[in-house]
Amino acid sequence: MFEVAVIEDPAAAEVSLDPIRVRLLAALAEPGSATTLAGRVGLPRQKVNYHLRALEKHGLVELVEERRKGNVTERVLRATASSYVISPVAMAAVAPDPDRSADRLSARWLLALAARLVKDVGSLITGADKARKRVATFAVEGEIRFASAQDRSAFAEELATAVSGLIGKYHDESAAGGRKHRLVVAVHPSVEGEQ
């Protein structure tokens, strides 16, 4: 089971957004059958089985084992991941594009950058999973409390200068065998209650 799986297929995204199926995916962190899940989620077994087939068809759950119980074969399934994220690839025609308006101070541009990050890293994860390899990434996350808007502005300028200096120092357009990497640095207000 993966920690996070990326949903790129529009049909799989649609299937995953059904509230009953979300409950089943959460319940299937531990393997279960339609019968055991029916009791846990309070639905008839037939309805659970219907939803499980849809989830399995789109690769969101997988067969763990089949058990014979008399004349019946009980299928035990589990979620393919602990968490899922829907890539903007699933809505490619209307996905945000940060290249349309590169306004460093716009929250919408930041969201478009985040969507591209999800799309790109999601594609890398999908490819790496198929190749049974890991993706080399790095991330830094932190929280800072500014005393004033002026301090926030000064921080942003200093950060931009430092990042630009590092890019200038390490970027080599002509490096044989080199590989481009995307760098995203963002500063936004923390959402209250998310601590």
Side-chain angles (χ1 to χ4, degrees), residues 1-17 25 29 55 57-62 78-146 149-191 194-195:
M1 175 187 288
F2 296 114
E3 180 62 32
V4 179
V6 181
I7 299 172
E8 295 177 330
D9 176 50
E14 181 180 359
V15 163
S16 72
L17 292 173
L25 284 171
L55 291 168
K57 177 181 175 185
H58 293 285
L60 301 172
V61 299
E62 62 190 0
R78 75 169 172 215
T80 53
S82 299
S83 304
Y84 298 87
V85 64
I86 297 175
S87 171
V89 170
M91 296 180 62
V94 294
D97 181 2
D99 295 330
R100 282 196 288 252
S101 173
D103 176 1
R104 291 185 343 172
L105 302 177
S106 165
R108 294 190 190 322
W109 185 64
L110 175 56
L111 192 59
L113 284 176
R116 180 167 64 191
L117 180 69
V118 169
K119 177 181 73 73
D120 291 352
V121 175
S123 294
L124 290 168
I125 287 171
T126 300
D129 286 348
K130 288 177 183 172
R132 298 191 190 283
K133 293 186 177 182
R134 295 186 67 190
V135 180
T137 62
F138 172 76
V140 174
E141 195 236 356
E143 192 168 73
I144 184 170
R145 185 179 183 102
F146 296 108
Q150 291 80 13
D151 285 354
R152 184 187 67 235
S153 181
F155 175 84
E157 280 304 313
E158 194 173 330
L159 181 62
T161 300
V163 169
S164 294
L166 283 170
I167 290 171
K169 179 178 178 181
Y170 290 100
H171 179 70
D172 185 350
E173 191 65 42
S174 62
R179 182 173 183 186
K180 287 186 179 180
H181 286 69
R182 184 173 305 279
L183 171 69
V184 177
V185 177
V187 176
H188 64 83
S190 294
V191 178
E194 292 287 316
Q195 300 163 11

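The two residues Pro10 and Ala90 make their nearest non-hydrogen contact at CG-O, 3.3 Å. Of all the heavy atoms in Pro96 and Ala115, the pair that sits closest is CG-CB, 3.5 Å. Heavy-atom minimum distance, Leu110 versus Ala186: CD1-CB, 3.3 Å. When all heavy atoms are compared, the tightest approach of Ile7 to Ala13 is CG2-N, 3.4 Å.
Qualifying side chain to side chain contact (heavy atoms under 4.5 Å, CB included) partners for Ala11, counting only residues two or more places apart in sequence or in other chains: Asp9, His58. Remark: Val184 pairs with Arg182 by the side chain to side chain contact (heavy atoms under 4.5 Å, CB included) rule, at least two apart or across chains. Not counting sequence neighbours, the partners of Leu105 by the side chain to side chain contact (heavy atoms under 4.5 Å, CB included) test are Asp103. Remark: Glu173 engages His171 in a side chain to side chain donor-acceptor pair (under 3.5 Å) (not counting sequence neighbours). Phe2 meets the ring pair (Phe, Tyr, Trp, His ring centres under 6.0 Å) test with no other residue; sequence neighbours excluded. The side chain to side chain contact (heavy atoms under 4.5 Å, CB included) check on Leu111 picks up nothing, with sequence neighbours excluded. Listed by chain and number, the residues in a side chain to side chain donor-acceptor pair (under 3.5 Å) with Arg100 amount to none (sequence neighbours excluded). Listed by chain and number, the residues in a side chain to side chain donor-acceptor pair (under 3.5 Å) with Ser190 are Glu143 (sequence neighbours excluded). Qualifying side chain to side chain donor-acceptor pair (under 3.5 Å) partners for Glu14, counting only residues two or more places apart in sequence or in other chains: none.
Note that the CG atom of Leu60 and the OH atom of Tyr84 stand 5.5 Å from one another [nearest 0.5 Å]. With rounding to the nearest 0.5 angstrom, the CZ atom of Arg108 is 14.5 Å from the CG atom of Leu113. Separation of atoms OG1 (Thr137) and CG (Leu117) is listed at 9.5 Å; rounding is to 0.5 Å.
Pairs passing the side chain to side chain donor-acceptor pair (under 3.5 Å) check and including a residue from residues 125-134, sequence neighbours excluded, do not occur. Listed by first then second residue, pairs satisfying salt bridge (Lys or Arg N to Asp or Glu O under 4.0 Å) with a partner in residues 151-169 read Arg104-Glu157, not counting sequence neighbours. Evaluation of the salt bridge (Lys or Arg N to Asp or Glu O under 4.0 Å) test over residues 82-99, restricted to residues two or more places apart or in two chains, returns Asp99-Arg116.
Counting heavy atoms from C-beta outward, Val121 and Val135 have side chains that stay 4.5 Å or more apart. You'll find the side chain of Val6 stays beyond 4.5 Å of the side chain of Val89, heavy atoms only.
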With side chain to side chain contact (heavy atoms under 4.5 Å, CB included) as the criterion, how do Leu17 and Ile86 come out once you've worked through the C-alpha distance, each side chain's angles and the decisive distance to 0.1 Å?
CA-CA 10 Å; Leu17 292 173; Ile86 297 175; 3.7 Å; yes

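Enclosure of atom CE in Met1 by more than 12 non-hydrogen atoms of other residues, nucleotides or ligands within 6.0 angstrom is indicated.
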